[in-house]
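Read through the structure below, which is laid out as structure tokens, and then see the notes.
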Amino acid sequence: MKKVAFYTLGCKLNYSETSTIGRIFQERGFEKVEFTDTPDIYVINTCSVTDNADKKCRKIVKEAQKHSPNAFITILGCYAQLKPKEISEIPGVDAVLGAAEKFQLVDILDGFTKKDKAEVYASPISEANKFHNSYSFGDRTRTFLKVQDGCDYSCSFCTIPLARGSSRSDSIENVVRAANEIAESGVKEIVLTGVNTGDFGLQDGTRVETFFDLVKELDKVENIERFRISSIEPNLLKDEIIEFVSQSNRFMPHFHIPLQSGSNKILKLMRRRYQRELYADRVATIKALMPHCCIGVDVIVGFPGETEEDFIETYNFINGLDVSYLHVFPYSERENTLAPEMPGKVSIKERNRRADMLRILSEKKKRFFYEQNIGREFTVLFEDDVKDGVMEGWTENYVRVAAKYDPILVNELKHIRLTGINATGLMEAEETYTEVLKH
Ligand code: SF4
């Protein structure tokens, strides 16, 4: 039996796809092993968003060769789609597969026999037009379920449409089937994942279903206690979705909504499909219906043309928003996008300074959000990891709770009251015995 090991870089989507490719291997008689277990085959799933994608890829290839010098090394994922030739020239790489080919790798690389030169199978991205359903089984508590792939937007900083192709989705019927399968395995929480998740519903370029339809159908899936929406564009987060989530016991009061900039001038240059007023409106609607809802925000700083005044505008805008945490990214040039050609380049040092300022703001926002939850009752889903006798889990509204490790609590929903914030910034809790209702 041949042994195969995996390494994943990048986002939740990549993790769910690696998991699925792993299951394809297992169905075909391969044994899935750890990276260090001298496998016969390595599959490295790359990301184009990460900085230094090339360097990271080289490093992992080297590492793989160290553990298993004769292994067949396959590279796939977003970076493989964007730079197949460059990757094929990395010493040690045996095969590179693009977006349209990655799920067929067991057939394409029949036998995994090393050739003199690396094999490259990467069709133009326009051919990556099929949806492949995927989900991850990370730990036993949470699963990332891919419901949508690709993106038809053209944000001026983003290479994802070039690496993953046009927007396409699974059908509601298939997603519900997958959710039931996941429930049977004992997992209690599903995170709905996509590149542009809110754009769910396009099949072969035609809109046949909507994300709201999907949410309503999934809400009926028994045995899945929790659904989260991983990230949704503000222009696609319609009031009807917010209202539905506020009434649902299965969809958690937690949204992650990319903002990218709080300056309308920069949003326009970024080619985002909304202005800051729409974003503020979404946050206000959510908070009016779910006062303890967690709201996460993505922000890019140092985009070309972002002056100090524009940045301060972003800072003040976010400071005034009732949001719970930020994911901050210093702008980074990507080949074949419009932004690098734009005037007003911001120095790397300045990008980092602005990112640091927003990261401090994020800490303050998070602390304030946690403090607002002290004394309130929630349900925590405890995870399997133990560190120094402590286990952790998430509440419905994405508060991270630490508790003394108790194996019986793993993958259980426990009713608790939040009592305070500990020295590491996690929340502490006491057990309660009442049923917790929706917040
Ligand atoms: S919405 Fe914009 S940032 Fe997001 S994947 Fe599409 S093009 Fe990229």
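One-based numbering, in listed order, for ligands and for the atoms of each. Both backbone and side-chain heavy atoms feed into the values below; hydrogens, waters and symmetry mates do not. From a predicted model like this one, the values you see are computed outputs, not experimental measurements. Throughout, residue positions are numbered sequentially from 1 according to the sequence presented.
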Query raised in the report: Do Thr159 and Glu335 get their side chains close enough for a donor-acceptor pair, meaning under 3.5 Å?
Result: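 No - no donor-acceptor pair under 3.5 Å links their side chains.
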**Report entry** Lys364 to Phe368 six-membered ring, cation-pi geometry met (6.0 Å, 45°)
**Finding:**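 Judged by the rule (NZ or CZ under 6.0 Å from the ring centre, within 45° of its axis), Lys364 is not positioned above Phe368.
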Report task. Decide whether the shortest distance between a heavy atom of Arg164 and an atom of ligand 1 is less than 4.0 Å. Result -> no
Query raised in the report: Salt bridge check: are Asp149 and Arg164 linked by an N-O gap of less than 4.0 Å?
Result: yes
Query - Residue of the set Lys265, Arg276, Arg354 for which salt bridge (charged side-chain N to carboxylate O under 4.0 Å, His left out) holds with Glu313 - result: Arg276
**Report entry** Sequence neighbours excluded, every pair satisfying ring-ring contact (aromatic ring centres under 6.0 Å, His included) that has a member inside residues 298-318
**Finding:**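 Output for this query lists Phe303-Tyr331.
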Query - Pairs flagged by ring-ring contact (aromatic ring centres under 6.0 Å, His included) wherever residues 160-200 is involved - sequence neighbours left out - result: none
Requested in this report: Spell out the protein N/O/S atoms under 2.8 Å from atom 6 (Fe) of ligand 1 as residue plus atom name.
Outcome: Cys151 SG
Query - Sub-4.0 Å atoms of ligand 1 with respect to non-hydrogen atoms of Phe157 - result: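 Close to Phe157: 3 (S).
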List, one per line, each side-chain donor-acceptor pair under 3.5 Å for residues 5-13, sequence neighbours excluded.
from: Thr8; atom 1: OG1; to: Thr18; atom 2: OG1; distance (Å): 2.9

